Trainee: 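Input: one structure, supplied below.
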Amino acid sequence: QVRMVETGGGLVQAGGSLRLSCAASGLTFRNRVVGWFRQAPGKEREVVACISWRGRSTYYADSVKGRFTISRDNVKNTAYLQTDSLKPEDTAVYYCAVADQWATDQNAYKYWGQGTQVTVSS
């Protein structure tokens, strides 16, 4: 059974940082593309960042470039999203997901976690 579990969310002041983790089990993690997505209240879910199998390729949404960093540890079957210089508009539920091929479209992602809440106060 595939399981994706996000942790690391919380309440932080603007300008602060959080490190989100995504632990995967039940699949060959090292063969999957990992994506981080977020959904703010009243808005559609959007892509935040993606990382290729070995971590050599990454993608960032324009809104987070220079502030967020995606990484992965294929030994630990875990992906990370370091979020720095957080803004109130970053407030959302953050999800991780895996895909078989490189993609930024969330429809390509097959397995999803339950999400972790990030709240940034001004």
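Nothing here was measured: the structure is a model prediction, and the numbers come from that model.
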Trainee: Does anything in residues 47-62 form a side-chain hydrogen bond (donor to acceptor under 3.5 Å, both in side chains)? List the pairs, not counting sequence neighbours.
Mentor: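 Qualifying pairs, neighbours excluded: Asp62-Lys65.
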Trainee: What is the distance from atom CZ of Arg67 to atom OG1 of Thr69, rounded to the nearest 0.5 Å?
Mentor: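 Here the interatomic distance stands at 11.0 Å.
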Trainee: Working to the nearest 0.5 angstrom, can you tell me the gap between Gln13 CD and Leu11 CG?
Mentor: 8.0 Å
Trainee: Strictly by disulfide (SG to SG under 2.5 Å), give each pair with a member in residues 91-122 just once, sequence neighbours left out.
Mentor: Cys22-Cys96
Trainee: Who are the side-chain contact (heavy atoms from CB on, under 4.5 Å) partners of Ala103, not counting sequence neighbours?
Mentor: Ala108, Tyr109
Trainee: Return the set of residues passing side-chain contact (heavy atoms from CB on, under 4.5 Å) with Ser17 (not counting sequence neighbours), or none when no residue passes.
Mentor: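 Expected list: Gln82, Asp84.
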Trainee: With sequence neighbours excluded, tell me which residues meet disulfide (SG to SG under 2.5 Å) with Cys50.
Mentor: none
Trainee: Would a 4.5 Å heavy-atom cut-off, applied to side chains only, mark Val2 and Trp112 as touching?
Mentor: no
Trainee: Side-chain heavy atoms nearer than 4.5 Å, only ILVMFWY residues, links allowed to pass through others: does that put Val48 and Tyr95 together?
Mentor: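 Cluster IDs for Val48 and Tyr95 differ.
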Trainee: Determine all donor-acceptor pairs shorter than 3.5 Å in which one atom belongs to a side chain in residues 26-47; sequence neighbours excluded.
Mentor:
unit_1	atom_1	unit_2	atom_2	d
Arg32	NH1	Asp100	OD1	3.1
Trp36	NE1	Tyr80	O	3.4
Arg38	NE	Glu46	OE2	2.7
Arg38	NH1	Asp90	OD1	2.9
Arg38	NH1	Tyr94	OH	2.9
Arg38	NH2	Glu46	OE2	3.3
Arg38	NH2	Ser63	OG	3.4
Gln39	NE2	Lys43	O	3.1
Arg45	NE	Gln106	OE1	2.7
Arg45	NH2	Gln106	OE1	3.1

Trainee: If a pair satisfies disulfide (SG to SG under 2.5 Å) and one of its residues is in residues 58-89, list it, with sequence neighbours excluded.
Mentor: none
Trainee: Between the main-chain N or O of Leu18 and the side-chain N or O of Thr83, is there a donor-acceptor pair closer than 3.5 Å?
Mentor: yes
Trainee: Report the residues that fulfil side-chain contact (heavy atoms from CB on, under 4.5 Å) with Gln117, sequence neighbours left out, ordered by chain and then residue number.
Mentor: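 Gln117 satisfies side-chain contact (heavy atoms from CB on, under 4.5 Å) with Thr91, Val93, Thr119 only.
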Trainee: Using the salt bridge (charged side-chain N to carboxylate O under 4.0 Å, His left out) rule, collect all pairs that involve residues 109-122, keeping only residues at least two apart or in two chains.
Mentor: none
Trainee: Please, which pairs that meet salt bridge (charged side-chain N to carboxylate O under 4.0 Å, His left out) have at least one residue in residues 112-122, sequence neighbours excluded?
Mentor: none
Trainee: Under the 4.5 Å side-chain heavy-atom rule for ILVMFWY, direct or indirect, which residues accompany Val5?
Mentor: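 Members besides Val5: none; it forms no cluster.
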Trainee: Residues two or more places apart in sequence or in another chain: which of them pass side-chain hydrogen bond (donor to acceptor under 3.5 Å, both in side chains) with Asn107?
Mentor: Asp105
